[in-house]
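Residue numbering restarts at 1 for every chain, and letters A, B, ... go by the order of the sequence lines.
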There are 2 protein chains.
Amino acid sequence: MTQSDFVELEKKLRDAELRPTKQRLALAQLLYSQGNRHITAERLHSEAMEAGVAISLATIYNNLHQFTTAGLLREVVVDSSRSYFDTNVAPHHHFFHEEQGTLEDIAKSDLTVANIPPLPEGTEISSVDVIVRVNSPRR
Amino acid sequence: MTQSDFVELEKKLRDAELRPTKQRLALAQLLYSQGNRHITAERLHSEAMEAGVAISLATIYNNLHQFTTAGLLREVVVDSSRSYFDTNVAPHHHFFHEEQGTLEDIAKSDLTVANIPPLPEGTEISSVDVIVRVNSPRR
DNA sequence: TTCTTCTTTAGAAGAATTCTAATCTATTGA
DNA sequence: TCAATAGATTAGAATTCTTCTAAAGAAGAA
Ligand SMILES: [Mn+2]
Ligand SMILES: [Mn+2]
Ligand SMILES: [Zn+2]
Ligand SMILES: [Zn+2]
C-alpha cells in the first residue's frame, strides 16, 4: 500500500465518521484497492489472515455492518445461507454463478427493467434488484 | 376439507411420487388450498400446530425441500436470515415489503426485463429474478 | 399378511451471525 | 503532553435457522 493509498483510505473512513483503526484500514484496503468486489464475511476474514492482519470474525461482522450503514458497502441477497457484501454501492444488477457462488456486476444502464406495476398502496420503492442466475451446463 | 379437495391433493402428491402421508396432506392443504402463498418454515409449522396437526419442524423442512425438488414449490431468496417458499412455481417476480417481510407476486407478463448483457462465457440462464423492495415511508 | 421402502421424529449437531463484557485504542482538549 | 472519554476490538458464549442421525412408525407391493 502506497502512502497515498493509505491517506485515501483513511479519508474514506474519516468521512464516514469511522475511526481509522488498524483493522479498519486493513479491511478497507482489501475491499477497495482491487476494483469492485463481492465478498462474504468468512472470505474477507481469510484474506485478512492471509495478509497477516489478525482480525477477529466479530470485528469483520461489526465493520461490514458499519460500512454498510455508512454507505461504503451494500449487501446483496442471493443465497439464503450467507451474506454477500458489495463494494459497488451504485444501483446495478448481478449475474450469480450458482455453482461457484460468485457475483458479477451488470451495469444499471445495460439492463432494462420496465413496466413495474403500480406499487402496493402506501409504499415506495427502496430498490429494484435483478439477479440473473447462471450455471455451466454439463454437456 | 371436502372429499374432492382431499382427492385432488392426494393426486398432487402421488404425481410427484410422494406418499400421501398424514403430514404431507396437512401441509399440502395449508399450502395449496388458499391461493398462492409465500411462507417460511417456521410460519408453516405454526399454522400446522394451530390447525391441530402435530408435525415436527424436521418434517416441515424435509417436505419443503422435497416439494421444491418435485417442482411443487420454489424457494425465493429475499432475506439472508430466512427462506421463503412460494407455491407459485411459474416464472414471475416479486414485491418484497421490507418492514413486514412479506412477498407479493408480480406476473411475468406485467414486468419487462430486457437487454440482458451477453452471459459469462460457458454459462446459461437458470432464472431471472426481479425483486422490487418496497417500504411504507414514515411521513 | 409380510416384506421393503419411505417417512417421521426427537434431539444432537452444524453453520452463520450476533451478543456480552472485558480490554484496548483513538481522539480530544486542558 | 496526557489524562479522560468515547469508540473499537475481541474471545467466547449465545442465538437462530437449518440439517443430520438413527430409531421407530407408516405406506405400498406382492
Ligand atoms: Mn443465517
Ligand atoms: Mn434451503
Ligand atoms: Zn455488484
Ligand atoms: Zn411468488
Side-chain angles (χ1 to χ4, degrees), chain A residues 6-7 9-30 38-49 51-70 72-73 75-85 101, chain B residues 6-7 9-30 38-49 51-70 72-73 75-85 101:
Chain A
F6 179 91
V7 169
L9 292 174
E10 182 173 348
K11 175 165 178 2
K12 184 164 187 137
L13 293 176
R14 282 193 196 286
D15 287 352
E17 301 193 299
L18 295 170
R19 292 181 182 177
T21 62
K22 183 153 72 68
Q23 292 85 344
R24 283 206 183 111
L25 282 165
L27 295 181
Q29 189 190 175
L30 290 170
H38 302 89
I39 196 165
T40 62
E42 281 294 350
R43 184 101 194 61
L44 185 57
H45 188 234
S46 304
E47 290 192 9
M49 299 296 102
V53 190
I55 305 188
S56 74
L57 195 50
T59 298
I60 299 280
Y61 277 106
N62 286 344
N63 280 292
L64 286 173
H65 289 135
Q66 289 166 160
F67 282 30
T68 300
T69 300
L72 264 35
L73 286 177
E75 197 177 340
V76 183
V77 180
V78 279
D79 178 333
S80 54
S81 71
R82 61 204 152 159
S83 298
Y84 286 80
F85 292 85
Chain B
F6 179 90
V7 169
L9 291 175
E10 183 173 347
K11 174 165 177 8
K12 183 162 188 139
L13 293 176
R14 284 193 195 284
D15 287 352
E17 301 194 298
L18 294 170
R19 291 181 183 176
T21 62
K22 182 153 71 68
Q23 292 84 346
R24 284 207 182 110
L25 281 164
L27 294 182
Q29 189 190 174
L30 290 170
H38 302 89
I39 196 167
T40 63
E42 280 295 350
R43 184 102 192 62
L44 185 57
H45 189 235
S46 304
E47 289 190 10
M49 299 295 100
V53 191
I55 305 188
S56 74
L57 195 51
T59 297
I60 299 279
Y61 276 107
N62 286 343
N63 280 293
L64 285 173
H65 288 134
Q66 288 166 160
F67 282 29
T68 300
T69 299
L72 265 34
L73 287 177
E75 197 177 339
V76 183
V77 180
V78 278
D79 178 332
S80 54
S81 72
R82 60 203 153 161
S83 297
Y84 284 80
F85 292 86

Counting heavy atoms from C-beta on, name the nucleotide in dT7(C), dT9(C), dT10(D) closest to the side chain of Thr21(B).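 Of the options given, the side chain of Thr21(B) lies nearest dT7(C).
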Would one find a side-chain N or O of Ser80(B) under 4.0 angstrom from OP1 or OP2 of dA16(C)? no
Say whether, by atom type as modelled, one donor and one acceptor occur between the side chain of Arg24(B) and the main chain of Arg19(B) under 3.5 angstrom.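 Yes; at least one donor-acceptor contact below 3.5 Å.
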Is it true that a side-chain atom of His45(A) and a backbone atom of Ser56(A) form a donor plus acceptor pair closer than 3.5 Å?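 Such a contact is absent between His45(A) side chain and Ser56(A) backbone.
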Near DNA chain D, counting only heavy atoms under 4.0 Å, which residues of residues 58-68 of chain A show up?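 Hits under 4.0 Å, by residue number: Ala58(A), Thr59(A), Asn62(A), Asn63(A).
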For Ala16(B) and Leu72(B), which heavy atoms make the closest approach, and how far apart are they?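 Closest pair (atom of Ala16(B), atom of Leu72(B), distance): CB-CD2, 3.9 Å.
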Would you call [X] and [Y] a side-chain contact if the rule is heavy atoms closer than 4.5 Å?
{"X": "Arg43(B)", "Y": "Tyr84(B)", "result": "no"}
{"X": "His65(B)", "Y": "Leu73(B)", "result": "no"}
{"X": "Leu64(A)", "Y": "Ile60(A)", "result": "yes"}
{"X": "Ile55(A)", "Y": "Lys22(A)", "result": "no"}

Separation of Glu17(B) CD from Gln66(B) CD (nearest 0.5 Å): 12.5 Å
Which comes earlier along DNA chain D counting from the 5' end, the contact point of Leu57(B) or that of Lys22(B), where each point is its nearest nucleotide?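 The 5'-side residue here is Leu57(B).
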Quick one: [X] [atom1] to [N] [atom2], roughly how many Å, whole number?
{"X": "Leu25(A)", "N": "dT9(D)", "atom1": "CG", "atom2": "C1'", "answer": "14 Å"}
{"X": "Leu27(B)", "N": "dT7(C)", "atom1": "CG", "atom2": "P", "answer": "13 Å"}
{"X": "Gln23(A)", "N": "dT23(C)", "atom1": "CD", "atom2": "P", "answer": "18 Å"}
{"X": "Arg43(B)", "N": "dC17(D)", "atom1": "CZ", "atom2": "C1'", "answer": "17 Å"}
{"X": "Phe85(B)", "N": "dC17(D)", "atom1": "CZ", "atom2": "P", "answer": "14 Å"}

Using only heavy-atom distances, determine whether the side chains of Ser83(B) and Glu75(B) contain a donor-acceptor pair under 3.5 Å. yes
Take the C1' atoms of the five end pairs on each side of the helix from dT1(C)-dA30(D) to dA30(C)-dT1(D), derive the two axes, and give their angle rounded to 10 degrees. 30°
Base, sugar-phosphate, or nothing: which does Ser83(A) touch, judged by heavy atoms less than 4.0 Å apart? sugar-phosphate
Between Asp15(B) and Lys11(B), does the side chain to side chain contact (heavy atoms under 4.5 Å, CB included) criterion hold? Intermediate values first, please. CA-CA 6 Å; Asp15(B) 287 352; Lys11(B) 174 165 177 8; 2.6 Å; yes
Against Leu30(B), only a single residue in Ile39(B), Leu44(B), Val53(B) fulfils side chain to side chain contact (heavy atoms under 4.5 Å, CB included); can you say which?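 For Leu30(B), the side chain to side chain contact (heavy atoms under 4.5 Å, CB included) test succeeds with only one of Ile39(B), Leu44(B), Val53(B), which is Leu44(B).
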Using a heavy-atom distance cut-off of less than 4.0 Å, which residues of residues 12-20 of chain A contact DNA chain C? Arg14(A), Arg19(A), Pro20(A)
